[in-house]
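Note that these values count all heavy atoms, side chains included, but never hydrogens, waters or copies made by symmetry.
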Amino acid sequence: MPNIQPMWKNKFSGHAFQDPSELLQFVRKEPEDQKYHCTICGNFSHAMKSCARNHVESKHYPNFFTYVCDLCEETFSTKTNLNAHRTRKHKKIKNQQFMDGV
């Protein structure tokens, strides 16, 4: 049986996605400033592509995807929220894993 990925569709824009990485279609690197820009609103730019993708998700497609913490199984609506949670709640665990060589 094939592994079918869930399809998320935005009811306002009509865009459908199978993976959050598909939001990169709304990010473009401008040669003038070498930054990644949001092509939806044009109001955001950053030197890191991942930050521009996170902007697209949190501002233009909120609550579209679900992210699960692999340490406690708490769920989050954006990758940014998941990363903030992991930094706040599991910092000690990650540091211990690093010290243990995991």
Problem - Contact check, side chains of C69 and R86, non-hydrogen atoms, under 4.5 Å - result: yes

Exercise for the section: Would you kindly say whether H85 and H90 are connected by a side-chain donor-acceptor distance under 3.5 Å? Expected result: yes

Problem - Spacing of S58 atom OG and F64 atom CZ [to the nearest 0.5 Å] - result: 14.0 Å

Problem - Greater than 12 external heavy atoms within 6.0 Å of E73's CD - result: no

Completion exercise
The reported gap from CZ in F26 to CD1 in I40 (rounded to nearest 0.5 angstrom) is 5.0 Å

Exercise for the section: Measure from the side-chain N and O atoms of E57 to the backbone N and O of R53, and report whether any donor-acceptor pair falls under 3.5 Å. Expected result: no

Fill in the blank from the handout: Rounding to 0.5 Å, atoms CG (L82) and CG (D70) come to a distance of 8.0 Å

Exercise for the section: Show the numbers, then the answer: is there a side-chain contact (heavy atoms from CB on, under 4.5 Å) between L23 and F17? Expected result: CA-CA 8 Å; L23 295 175; F17 306 104; 3.8 Å; yes

Handout entry: Test item: E30 and S45 side chains (from C-beta on) under 4.5 Å apart, heavy atoms
Key = no

Practice task
Could you walk me through whether H55 and H60 pass side-chain contact (heavy atoms from CB on, under 4.5 Å), step by step?
Solution key: CA-CA 8 Å; H55 159 81; H60 304 296; 3.4 Å; yes

Practice task
For the residue pair H46 and F44, categorise the inter-ring angle as parallel (less than 30°), tilted (30 to 60°) or perpendicular (more than 60°).
Solution key: parallel

Exercise for the section: Any chance you could lay out the side chain to side chain donor-acceptor pair (under 3.5 Å) test for E74 and Y67, step after step, and finish with the verdict? Expected result: CA-CA 8 Å; E74 190 171 342; Y67 298 87; over 6 Å; no

Handout entry: Side chain to side chain, K29 and K35, heavy atoms closer than 4.5 Å
Key = no

Practice task
Starting from the C-alpha separation in whole Å, work towards a yes-or-no answer on side-chain contact (heavy atoms from CB on, under 4.5 Å) for T78 and N54.
Solution key: CA-CA 8 Å; T78 67; N54 290 345; over 6 Å; no

Exercise for the section: Quick one: do H37 and V27 satisfy side-chain contact (heavy atoms from CB on, under 4.5 Å)? Show the steps, please. Expected result: CA-CA 5 Å; H37 293 256; V27 173; over 6 Å; no

Practice task
To the nearest 0.5 Å, tell me how far N83 CG sits from F76 CZ.
Solution key: 10.0 Å

Practice task
Any chance you could measure E22, atom CD, to L24, atom CG, to the nearest 0.5 Å?
Solution key: 9.5 Å

